[in-house]
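What follows is a set of notes on a single structure, which appears directly below.
Labels below follow one simple rule: chain letters A, B, ... track the order of the sequence lines, proteins then strands, and each chain is numbered from 1. As the structure is a prediction and not an experimental result, all values here were calculated from the model. Side chains included, hydrogens not; waters and symmetry mates left out as well; all remaining heavy atoms used.
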Amino acid sequence: MTFTTSSGELPLELAETVVIRFAGDSGDGMQLTGNQFTTASALVGNDLATLPDYPAEIRAPAGTRAGVSGFQLAFSSKDIHTPGDAPDVLVAMNPAALAVNIKQLKPGGLVIANTGSFSQQDLLKAQCETNPLADGSLDGFRVIEIDINKRVKEALADSGLSSKDVQRCKNFYTLGLMYWLYSRPMEPTQAWLKEKFAKRPELAEANIAALKAGFNAGDIHQLFQGRYEVKPCTDLDPGTYRNIMGNPALGLGLIAGAELAGLELVLGSYPITPATTILETLAGFKNYGVTTIQLEDEIAAVCAAIGASFAGKLGMTTTSGPGLALKGEALGLALMTELPLVVVNVQRGGPSTGLPTKTEQADLNQAIFGRNGESPIPVLACATVADAFECAIEACRIAVEYMTPVILLTDGFIANGSEPWKLPRVEDLPRFEVKFHTDTENFLPYSRDDKGARPWAKPGTKGLAHRIGGLEKEHLTGNVCYDTDNHEFMVHQRRDKVMGIRDSIATPEVKGAQEGPVLVLGWGSTYGAITEACNLLKQDGTEVGQMHMRHLWPMPAGLEEIFGRFERVLVCEINMGQLAGILRSQYQHTEFVSHGRVLGMPLQSHEIASKIKSLLK
Amino acid sequence: MTFTTSSGELPLELAETVVIRFAGDSGDGMQLTGNQFTTASALVGNDLATLPDYPAEIRAPAGTRAGVSGFQLAFSSKDIHTPGDAPDVLVAMNPAALAVNIKQLKPGGLVIANTGSFSQQDLLKAQCETNPLADGSLDGFRVIEIDINKRVKEALADSGLSSKDVQRCKNFYTLGLMYWLYSRPMEPTQAWLKEKFAKRPELAEANIAALKAGFNAGDIHQLFQGRYEVKPCTDLDPGTYRNIMGNPALGLGLIAGAELAGLELVLGSYPITPATTILETLAGFKNYGVTTIQLEDEIAAVCAAIGASFAGKLGMTTTSGPGLALKGEALGLALMTELPLVVVNVQRGGPSTGLPTKTEQADLNQAIFGRNGESPIPVLACATVADAFECAIEACRIAVEYMTPVILLTDGFIANGSEPWKLPRVEDLPRFEVKFHTDTENFLPYSRDDKGARPWAKPGTKGLAHRIGGLEKEHLTGNVCYDTDNHEFMVHQRRDKVMGIRDSIATPEVKGAQEGPVLVLGWGSTYGAITEACNLLKQDGTEVGQMHMRHLWPMPAGLEEIFGRFERVLVCEINMGQLAGILRSQYQHTEFVSHGRVLGMPLQSHEIASKIKSLLK
Amino acid sequence: MNDTLTKKDFKSDQEVRWCPGCGDYAILNVVQKACATIGKPKDEVVFVSGIGCSSRFPYYMDTYGFHTIHGRAPAVATGVKTANPDLSVWVVTGDGDALSIGGNHLAHILRRNLDINILLFNNEIYGLTKGQYSPTSPSGTRTKTSPMGSVDRPFNPISFALGCNATFVARTADNNLKHMSTVLEAAAAHKGTSFIEIYQNCVIFNDGAFEDVINKKVRDDRTVDLEPGQPMIYGKQGDKGLRADGFNMTRCAPEEASVWNPGARSAAAAFTMSTLDQEPAMPNPIGIFRCVEDLVFEDEVASQVSSAIASKGRGSLQDLIYAGETWKIE
Amino acid sequence: MNDTLTKKDFKSDQEVRWCPGCGDYAILNVVQKACATIGKPKDEVVFVSGIGCSSRFPYYMDTYGFHTIHGRAPAVATGVKTANPDLSVWVVTGDGDALSIGGNHLAHILRRNLDINILLFNNEIYGLTKGQYSPTSPSGTRTKTSPMGSVDRPFNPISFALGCNATFVARTADNNLKHMSTVLEAAAAHKGTSFIEIYQNCVIFNDGAFEDVINKKVRDDRTVDLEPGQPMIYGKQGDKGLRADGFNMTRCAPEEASVWNPGARSAAAAFTMSTLDQEPAMPNPIGIFRCVEDLVFEDEVASQVSSAIASKGRGSLQDLIYAGETWKIE
Ligand SMILES: Cc1ncc(C[n+]2csc(CCOP(=O)(O)OP(=O)(O)O)c2C)c(N)n1
Ligand SMILES: Cc1ncc(C[n+]2csc(CCOP(=O)(O)OP(=O)(O)O)c2C)c(N)n1
Ligand code: SF4
Ligand code: SF4
Ligand SMILES: [Mg+2]
Ligand SMILES: [Mg+2]
């Protein structure tokens with residue numbers, strides 16, 4: 001990986017971790033810019049984490065605050081776990097982008113502003129009464145002003161493109177500049193552009209030219225005090241890596257899970273932000289025997305998945321909060337008929353339609369409790385992008401080994417965030433091959449194996465014709481049964497089966513202090529922020545215990561003992577204390593302190609750190 | 001109230017409480033028989049409680065166990081609270097009815113068996129290998145055999161009716177016999193028959209003749225050792241009474257609630273057992289300005305109710321567990337738009353379709369937690385048939401005073417059970433007249449009053465046009481707002497508003513011991529069984545504390561203090577410990593012991609009593 | 001074809017629990033017989049239903065069966081059939097189950113055209129919940145939820161199905177066993193979703209709802225059987241005919257009757273027939289309204305999977321994980 | 001009639017957030033203008049919508065508005081209108097909102113025939129979720145969820161509405177402002193549910209979906225406007241006609257064209273027109289397919305309430321509670 005630069009004379013500083021936020025109009029291609037920078041950084045060998053942030057509208061009017069789309073990424077030569085609490089650099093393509101994002105910038109941080117879009121009219125659209133570049137509101141930041149519009153126009157003067165098309169290349173000019181500033185290679189982006197615009201090579205050319213122009217704009221480079229290098233991260237485990245976003249990783253995990261069960265996968269789904277990209281991912285893997293059905297709604301989606309499982313494939317469904325609410329009744333059917341089913345819920349800001357493109361963890365209660373009757377369903381949550389792959393496999397394992405629906409929780413942050421994924425060796429993946437029931441001797445559809453699972457006899461199997469349904473089932477025969485004792489017995493059987501899953505899962509590890517005043521506990525996407533917070537404290541010389549829960553229902557064995565070693569447990573989650581509430585009802589002798597924020601964003605490590613500190617006083 | 005009898009020579013014993021179960025085919029009219037006996041007993045002035053128990057099928061094949069329909073009632077000269085743990089008398093119209101019900105009969109209890117339906121074929125249909133009347137299986141019971149089929153035939157020999165129609169009068173013959181046995185007046189039933197068969201007087205005549213024949217069958221009467229009198233109950237408070245079932249009582253409460261709010265009521269509903277009769281009740285009260293809409297499903301039903309509330313009426317919806325599961329998403333909309341809405345959920349056996357005609361209390365978790373996002377909704381539950389009326393009013397009060405959806409839980413036992421209802425004086429009912437917002441000055445749809453409620457400005461009001469919806473709202477203006485701080489602020493506002501309801505509700509009273517080793521706690525329909533259990537213990541000289549919760553979310557203030565006065569709290573519920581779990585998460589310093597049964601039946605008082613005793617050891 | 005199968009082979013060991021006299025019994029009988037005739041081994045047959053009296057049907061068939069939740073049978077069946085296209089899949093549903101809560105799933109299965117047979121038992125009432133008016137009850141129906149008469153205009157299930165572009169649409173009645181057999185066999189032979197409305201009598205809550213049309217005494221005059229390729233002639237004496245005349249349908253002499261063609265590409269003619277029952281002077285059509293071939297959902301889905309495998313090769317776990325731009329850290 | 005109202009009166013203070021070039025802008029404009037023309041005071045007008053780009057519509061109208069949840073707008077609107085029949089109620093929905101998740105509620109509001117106007121913005125795509133195929137996308141549509149082409153057969157919204165026995169059914173397009181105005185005003189004048197499909201261009205995810213039919217250059221030849229009481233003539237030169245011929249529709253000379261009657265009791269003719277777009281040689285009908293009077297739900301509901309009050313007297317709390325057989329304990 002080599003690259004040339006025209007500004008070699010500027011000092012090249014080493015940086016450990018840099019956090020950049022690109023922000024512009026929804027039509028400015030900020031997500032694309034961010035993703036390219038991410039890929040380039042991954043290939044450099046940095047550790048990284050990303051946080052896209054876009055509006056619920058597709059393309060709100062250009063220049064308005066409502067239309068601002070952002071992409072934050074942290075890249076580092078160290079092992080990092082979050083996209084950063086606050087950016088070091090803000091690239092603002094227009095005043096709206098500046099206005100919306102400036103409050104998050106680190107004190108003293110760098111603003112790169114595209115003055116080409118700071119006309120009076122632009123300011124008006126952004127509802128800026130005065131020009132922030134001139135009114136002193138950026139005091140305390142370093143500001144570099146560049147008329148990117150003009151620069152691109154100049155750079156592509158000979159391209160023959162319309163001026164609209166030329167202006168569309170702005171983001172690659174900006175990307176080039178940032179590549180220069182952080183010493184990134186341009187080749188992968190060039191290759192990508194060539195592939196993407198294979199049918200319109202003139203656009204590929206123009207974008208590449210813009211990219212290079214930014215990279216080589218020596219006069220602009222002079223405005224900077226220097227450029228930076230972020231060395232490859234050497235903390236990462238050896239292995240093969242690939243950069244991936246959470247939803248695709250989860251999708252691959254679902255495919256792998258089905259394969260490891262020896263089954264084909266049928267996904268029944270209905271698009272909903274931020275879950276849709278899992279469906280989109282799987283739709284691209286038909287050559288893995290994957291079937292995706294886009295149904296008319298969430299209820300049909302889960303019902304089709306249940307039907308597929310009945311027919312002997314591994315039925316799955318993917319959704320987000322409001323969709324999970326709709327699936328409640330059908331989940332009851334799946335658990336009553338004891339069919340395997342994997343339900344992925346990508347949480348977003350609620351209640352109701354809420355904040356569809358923002359992240360939150362407030363569907364935990366719904367996942368565990370949101371159905372009529374006594375209806376235990378195992379629930380797990382993935383902690384990181386990479387973990388999404390593993391959890392998807394784990395969900396498949398539980399579903400087929402225990403003949404049960406399983407809910408896997410993830411959230412908007414994991415869904416759209418990306419990080420380098422250390423690829424597992426295929427031979428290390430767990431295998432849990434399904435054996436369909438075929439023995440016609442004394443077939444009892446509601447008999448149970450040692451895990452409490454009933455036999456799975458699929459239609460088409462000779463001699464095993466039988467009927468299932470949502471009415472209470474008679475023990476063993478599975479016939480409809482209104483007997484009161486049988487009902488209580490079956491309620492217990494279903495509960496015991498699900499609670500028994502705890503025998504197949506490990507007690508989570510405690511990192512850091514193994515006892516003491518505080519155990520910091522999290523679940524799902526708060527993992528990174530909590531880890532960073534603990535690291536911050538460690539740098540200050542304080543070590544607390546840290547534990548992260550993957551299995552939320554049933555809870556793993558051994559927690560009581562662990563909790564007993566700490567004075568109190570701090571539960572950090574992006575909600576108002578849902579896990580804390582459930583833990584309190586399960587472990588009455590522990591004091592749980594809740595740190596719950598609902599800002600539509602990942603938790604901030606420094607906030608967690610100061611919360612911990614306050615408990616240590 | 002006078003009556004004559006031909007068997008005056010038999011001793012007339014005084015009885016305090018008698019529990020009878022009528023059981024026969026679904027087509028035998030057992031519910032009707034039970035209801036007539038109930039009315040007659042109510043008019044005698046007894047206290048009473050009933051427990052109908054019928055299959056999920058409309059009319060399963062005659063003579064089969066699946067087709068057995070039962071009706072249990074307790075009537076008493078004392079204040080009673082349950083239909084009895086076990087019947088004293090079982091009236092079995094056929095072998096299936098006997099087989100299904102005999103295990104509940106009290107040791108030494110009386111069986112009245114209709115031998116006319118105990119032929120070999122009848123036994124076969126009932127899957128009885130031998131005749132229970134002959135094989136000794138009824139040892140330990142008193143058995144009186146009567147060929148009711150033949151008796152009716154004889155009694156109606158001259159009626160001119162077809163033999164099929166004659167046999168349809170069997171139940172009135174039986175009823176007449178039981179009226180004789182328990183000294184009930186026949187007049188009300190005669191009057192009822194005349195009204196019911198106004199268009200077919202020959203049927204009224206025949207049934208009355210059958211009734212009288214049973215009442216006057218002196219030779220049969222000789223088989224009994226005596227007859228009984230159950231004196232009017234003098235423990236009841238003075239006042240005007242009426243016998244009523246839970247669902248109609250609740251329906252009347254909804255009408256009253258709307259009236260007390262000064263609003264008209266719009267009920268959007270979809271039939272589902274055991275909630276349907278509320279819809280049916282309200283459909284009969286159009287002259288109270290009541291509008292009922294039977295919609296295409298539960299989602300449409302709740303949505304229509306929300307639309308009605310938006311338009312300025314009081315929207316309501318009634319359903320049972322699976323239906324509530326379907327309404328989850330729309331409830332989120334109601335809470336986000338902060339519109340009043342009353343949701344009645346009549347719980348039945350679950351999960352899934354479960355046991356539609358049996359009772360259970362397993363939707364508490366769903367009611368409190370079953371929605372996406374942070375979505376607090378107040379939840380209350382009625383304890384008795386009479387309380388259903390009051391709770392319906394209370395639900396309306398909370399809905400309009402706090403501009404919020406409210407869930408009122410009841411269950412199949414209350415729904416179909418009946419008891420004497422002491423009628424409230426209209427002037428004693430609470431009034432909470434709604435004042436719609438009309439002031440056009442500075443109208444802010446999401447401003448709040450001192451209760452945290454937003455203004456209700458209904459379409460049609462001049463100058464107040466505004467828009468609401470399920471996306472996060474900006475504080476005050478109610479505009480769509482993706483701002484992170486506003487989101488957290490609004491999540492807190494919604495939570496605080498609902499938690500603030502606690503300021504408007506009283507701390508529940510503790511009956512019996514005010515401190516000590518055990519507080520027995522219940523909610524919903526377990527009230528009667530718990531009360532009887534405490535009474536049983538009191539007779540034994542043991543007094544424990546008893547408390548019943550009407551408001552389940554938010555929980556009333558003052559519980560911590562009460563719980564603190566007891567060593568432990570025994571929570572009795574018809575589920576696997578749902579309230580116990582929630583209490584544990586709220587009151588960490590109290591020890592909660594769960595007594596949860598899921599038999600599809602009310603809890604049994606003696607079982608609760610022995611559970612309490614076991615805690616006292 | 002398995003010619004040793006008999007009706008008895010399709011009888012399950014479960015006690016049938018409908019009310020004595022319910023039309024469901026007759027339908028069960030005919031379906032069991034038809035299954036034997038169709039000859040698909042019973043282990044390859046699946047009955048899927050929703051909730052309602054009618055939806056208890058699968059328990060009584062000695063095939064695979066799934067008694068699902070209210071209104072969702074078409075969605076579950078979509079999953080079953082897509083997962084295993086070799087199965088013979090039948091949906092049994094009621095007018096409430098199919099057209100009230102389940103209307104959307106019904107509409108979508110019809111447009112997707114999976115090779116599934118749907119039997120809608122129309123008794124114009126909610127039976128299992130004890131007699132409330134349903135979406136097919138005529139306006140003015142008095143029930144406990146409509147004591148002053150229902151105010152909803154009813155659906156016509158045949159029009160509804162045609163509006164969804166269903167490829168096979170038919171109607172029959174529980175008291176016409178031979179006709180029902182013929183229709184069922186045609187439905188089974190059709191590749192694509194077959195939708196069959198069956199007039200079914202609920203003796204308890206809506207006794208005689210269809211008497212004026214299908215009672216054996218009047219049915220020859222009050223119904224016209226739409227037989228593919230046959231002129232539309234009806235009447236006890238075969239003395240009446242129907243003829244298409246511009247946008248209208250008129251009565252005519254038998255010789256002048258139009259020949260019924262359920263195979264026209266446009267569903268317009270079938271739709272015209274479906275609205276005939278609004279005209280008091282016209283007979284009520286039964287038989288086969290529409291029967292056309294079109295894309296079959298599960299076949300297309302399967303063929304995309306196989307052509308993806310053919311063109312890209314069957315994916316392995318190794319390919320799946322080690323794809324895209326990767327790098328090594330050593 | 002309030003003749004002082006102007007389009008501006010119906011503009012809310014909210015920033016419109018559709019993509020530049022989206023067809024929704026044109027529709028918003030025409031609706032605002034139509035509302036002024038219709039003249040109902042804006043405080044008595046309610047717009048109800050579901051979820052989708054199109055469903056943001058109510059925010060931009062200075063009337064009462066309710067942006068509900070996905071697919072449920074017809075149900076919410078049913079509650080609004082039944083609760084207060086004096087309001088003018090409009091539903092705005094998309095092809096996904098109305099025909100995918102919301103298909104059942106749409107079907108039922110159409111059969112119930114509330115006096116509500118439904119505007120279905122059909123862009124043959126899910127816009128807000130970034131471009132997946134919808135129930136109106138033609139088979140074979142390639143999107144991220146159908147990379148090898150969709151395999152579902154699409155709904156025809158007009159056929160669907162007619163299958164539900166809708167009383168007013170029309171179609172117009174976002175690029176034909178005058179036509180849209182006419183149709184909207186006819187819809188508003190109709191007493192009963194008015195269903196209007198509007199071809200709407202999604203510039204981002206499905207640009208030009210209807211170009212071959214409604215582009216100003218071709219539309220005269222590719223569409224025929226169904227005008228009540230007018231012969232079905234089309235073509236730039238008015239040189240083409242359509243004639244009903246038995247069950248079929250044929251092209252003919254303008255003089256021979258049938259006169260269009262949207263008021264026939266049977267929806268059969270309208271249905272025939274709705275399937276015309278399947279024939280490549282035929283024009284695509286726009287305009288008014290059906291317009292008939294029938295029972296209006298909320299009126300019937302209200303009249304039952306008032307006749308109950310008239311016959312039994314307005315009930316009081318005292319009557320309510322102290323009813324049935326009561327007894328006293330002293
Ligand atoms: C989610 C849900 N809502 C409501 C019900 C109650 N329910 C059961 S069957 C039924 C209607 C049945 O009518 P139909 O489909 O016509 O069947 P029939 O009994 O007439 O054969 C209803 C409303 C239910 N079981 N589940
Ligand atoms: C319950 C639920 N499921 C899914 C979604 C996601 N969703 C939002 S809009 C939409 C489809 C919109 O398509 P359409 O109605 O055609 O509107 P358009 O954006 O094209 O105008 C979907 C699937 C949601 N908001 N809620
Ligand atoms: S209630 Fe009606 S439909 Fe149901 S089983 Fe009885 S007769 Fe048949
Ligand atoms: S995505 Fe399409 S439909 Fe949505 S606003 Fe943009 S152009 Fe309009
Ligand atoms: Mg029915
Ligand atoms: Mg659309």
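- What you find for L295(C) and V151(D) is that their closest heavy atoms are CD1-O, 4.4 Å.
- Considering CG of L162(D) and OG of S159(C), their distance stands at 9.5 Å, rounded to 0.5 Å.
- Looking at A267(D), the atoms closer than 4.5 Å to chain C (heavy atoms on both sides) sit in the backbone and in the side chain alike.
- Here the closest non-hydrogen pair linking I101(C) and N104(D) is O-ND2, 3.6 Å.
- The part of P154(C) that comes within reach of chain D is its backbone (N, CA, C, O), which places non-hydrogen atoms under 4.5 angstrom from that chain.
- Neither the backbone nor the side chain of S303(C) has a heavy atom closer than 4.5 Å to any heavy atom of chain D.
- Taking each heavy atom of F271(C) and G163(D) in turn, the nearest pair found is CE1-CA, 3.8 Å.
- Between chain C and the residues G71(D), G149(D), S258(D), the most heavy-atom pairs under 4.5 angstrom are made by G149(D).
- Heavy atoms closer than 4.5 Å to chain C are found nowhere in I158(D), neither backbone nor side chain.
- Summarising the geometry of L110(D) relative to R153(C), their closest heavy-atom pair is O-NH1, 3.2 Å, with the distance given to 0.1 Å.
- What you find for M148(D) and S307(C) is that their closest heavy atoms are CE-OG, 3.2 Å.
- Contacts between L106(D) and chain C at a heavy-atom distance below 4.5 Å are absent for every atom of the residue.
- The shortest distance between side-chain heavy atoms of S139(D) and E300(C) does not fall below 4.5 Å.
- When every heavy atom of T272(C) is checked against every heavy atom of A268(D), the shortest pair comes out as OG1-CB, 3.4 Å.
- Contact of A308(D) with chain C is made through backbone and side chain together, with heavy-atom distances under 4.5 Å.
- No other option in Q304(C), M249(C), R112(C) has as many heavy-atom pairs under 4.5 Å with chain D as Q304(C).
- For chain C, the option among T275(D), D152(D), L276(D) with the highest count of heavy-atom pairs below 4.5 Å is D152(D).
- Looking at heavy atoms from C-beta onward, Q278(C) lies in side-chain contact with R265(D) at the 4.5 angstrom threshold.
- With a 4.5 angstrom heavy-atom cutoff, R243(D) does not touch chain C via any of its atoms.
- Ranked by heavy-atom pairs under 4.5 Å with chain D, the first of V296(C), D294(C), D245(C), N113(C) is D294(C).
- Using bins of under 30°, 30° to 60° and over 60° for the plane-to-plane angle, the ring pair H108(C)/F155(D) lands in the perpendicular bin.
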